[in-house]
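Right, one structure below, let's go through it.
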Amino acid sequence: MEKLYYERPYVKQFEAEVTGCIPDKDGKYLVRLSRTAFYPEGGGQPADTGTLGDARVLDVRERPEGIVHITDRPLPENSVVAGILDWERRFSHMQNHSGEHLFSGVVHKYYGYDNVGFHMGKDEVTVDFNGILTLEQAEEVEAKVNELIWQNIPVLETYPTTEELNALNYRSKKELSGQVRIIEFPGADICACCGTHVMTAGEIGILKVTGLMRYKGGVRISLLCGREAFLDYRRKLKAVQGISVLLSAKPDSVLETVTKLKEDGAKKDGDVSRLTRELLEYKAAQYPVSGDPLLVFEEHLLPAQLRQFATMLYEEKKGSVVLVCSGEDGLFQYAAGSSDMDMREFSRQLNEKLNGRGGGNALLAQGTFQTSFQEIQKVFQEEIQRRI
């Protein structure tokens, strides 16, 4: 099969003869052609998509029998069909794959680390290196790569002989046999690769590092190139502008403003927590010490406050068994506590009879009831009587 994606990587449309078409087990069809411009998935680069005649090309794979196009409908064998690539997708892959080569080459040149993993996803490109880089170092590499892009250095494709290959210092993730395809950015990178690339570095446009994390003893770098980097910048700029309007702050001072808001919020949360505890302590003090069961309804308590109040009440001996509910008919949050009775079994019985969910430990259980408060009162009393 003639591989047009290597010979003419910028071809967007082509014609080819259908040399085979068989149904797949998933209700799709496996189509083979006399030649193709559709790149099959490989080397970290996703497959091209597009159309063959009236059929939609959903995926492309390289198999022992050749390149197979997975389509949504059959194509007549021996017919000639027009192939049309989803060019926006393909060119984005070319930009990102070429940008990844430059980035990996510069990392290898200055830090000696190898690219040991590469994935081109829908939202980002990730590259794994077998050594540690800081974010500052990654940004320095980013700056060097963009300088090379703006110098518009050429992208060279060669198929060296065995002797030439043995004398060549090139990057590769695995041992290679047979004919090897070499992609070179002169002075920056030389690497064995089966993917599609731009012809000059300037077509990459820009490379932007979007993330860095420790990964398997090294680092995983997230990056975007070209159109995808531009669209990512547009989305993030809109977000920053929207936040700056909400905060009445200049876009450049959004981080400082949010940091201050977070600090103020943490202080307020601490004050609210302290005042809530004081309020619950005051409320708990209104109940006398008693060996009888206690059912309490309090409005607008959050789950953590329910636990806190129920614990106060049973620890201060305000009831042999304490059930605190908050909510409205149809849905109540609850917390049940006791030093004398196992709350796991008690809450399980209540849940069964009150359309409830939840659980806990021997001292405290928590969950929800989907019922009325009158029904909670009735079942609570019945369950207590059954246990006396």
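No hydrogens, no waters, no symmetry mates; every other heavy atom, side chains included, goes into these values. Numbers here are sequence positions counted from 1.
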* To do: Return yes when atom CG of Asp54 has more than 12 non-hydrogen atoms of other residues, nucleotides or ligands closer than 6.0 Å, and no otherwise.
  => no
* Asked: side chain to side chain contact (heavy atoms under 4.5 Å, CB included) between Arg32 and Leu30: does it pass, once the steps are laid out?
  -> CA-CA 7 Å; Arg32 287 186 289 118; Leu30 308 180; over 6 Å; no
* Kindly indicate whether the side chain of Leu85, heavy atoms from C-beta on, has any atom under 4.5 Å from the side chain of Tyr39. => no
* Asked: In chain order, what residues pass the side-chain contact (heavy atoms from CB on, under 4.5 Å) check against Glu375, with sequence neighbours excluded?
  -> Leu354, Thr371, Ser372, Lys378, Val379
* Is the closest basic N to carboxylate O distance between Lys250 and Asp252 below 4.0 Å? -> no
* Give a yes or no on whether a salt bridge exists between Lys144 and Glu147, defined as a side-chain N under 4.0 angstrom from a carboxylate O. => no
* Would you mind reporting whether Ile206 and Phe230 have side-chain heavy atoms less than 4.5 Å apart? => no
* Take Leu148 and Val106 through the test side chain to side chain contact (heavy atoms under 4.5 Å, CB included) and record every step on the way to the result. => CA-CA 10 Å; Leu148 292 167; Val106 172; 4.0 Å; yes
* To do: Identify, with sequence neighbours excluded, every residue that meets ring-ring contact (aromatic ring centres under 6.0 Å, His included) alongside Tyr334.
  => Phe369
* **Glu88, CD: over 12 other non-hydrogen atoms inside 6.0 angstrom** => no
* Less than 4.5 Å apart, any side-chain heavy atom of Gln366 and any of Ser347? -> no
* To do: With the side chain counted from C-beta on, respond yes when Val107 and Val127 share a heavy-atom pair under 4.5 Å apart, and no when they do not.
  => no
* Asp86 bridged to Arg90 by N-O distance under 4.0 Å -> no
* Decide, yes or no, whether a salt bridge links Glu62 with Lys3 under the criterion of side-chain N to carboxylate O below 4.0 Å. => yes
* Determine, stepwise, if the pair Val31 / Leu33 fulfils side chain to side chain contact (heavy atoms under 4.5 Å, CB included). => CA-CA 7 Å; Val31 176; Leu33 303 173; 3.9 Å; yes
* To do: Look at Lys268 together with Asp264 and state whether they make a salt bridge at an N to O cut-off of under 4.0 Å.
  => no
* Run the salt-bridge test on Lys260 and Glu263 with the 4.0 Å N-O cut-off and return the result as yes or no. => no
* To do: In plain terms, say whether Glu382 and Lys353 are close enough for a salt bridge, that is, a side-chain N and a carboxylate O under 4.0 Å apart.
  => no
* Any side-chain heavy atom of Met312 sitting closer than 4.5 Å to one from Glu316? -> yes
* Within a radius of less than 6.0 Å around CZ of Arg89, do more than 12 heavy atoms belonging to other residues, nucleotides or ligands occur? -> yes
* **Salt bridge Lys283-Glu298, side-chain N to carboxylate O under 4.0 Å** => yes
* To do: Look at atom CD of Glu328 and say whether more than 12 heavy atoms of other residues, nucleotides or ligands are closer to it than 6.0 Å.
  => no
* To do: Flag the pair Trp87 / Met94 as yes when at least one side-chain heavy-atom distance between them is below 4.5 Å, and no otherwise.
  => yes
* Is there a side-chain contact between Asn146 and Glu142 (heavy atoms, below 4.5 Å)? -> yes
* For the side-chain hydrogen bond (donor to acceptor under 3.5 Å, both in side chains) test, which of Thr49, Thr36, Asp48 pairs with His69? -> Thr36
* **Salt-bridge contact Glu281-Arg277 (side-chain N to carboxylate O under 4.0 Å)** => yes
* For Leu295 and Cys325, run side chain to side chain contact (heavy atoms under 4.5 Å, CB included): C-alpha distance rounded to whole Å, both residues' side-chain angles, the deciding distance at 0.1 Å, then the answer. => CA-CA 8 Å; Leu295 173 59; Cys325 298; 4.3 Å; yes
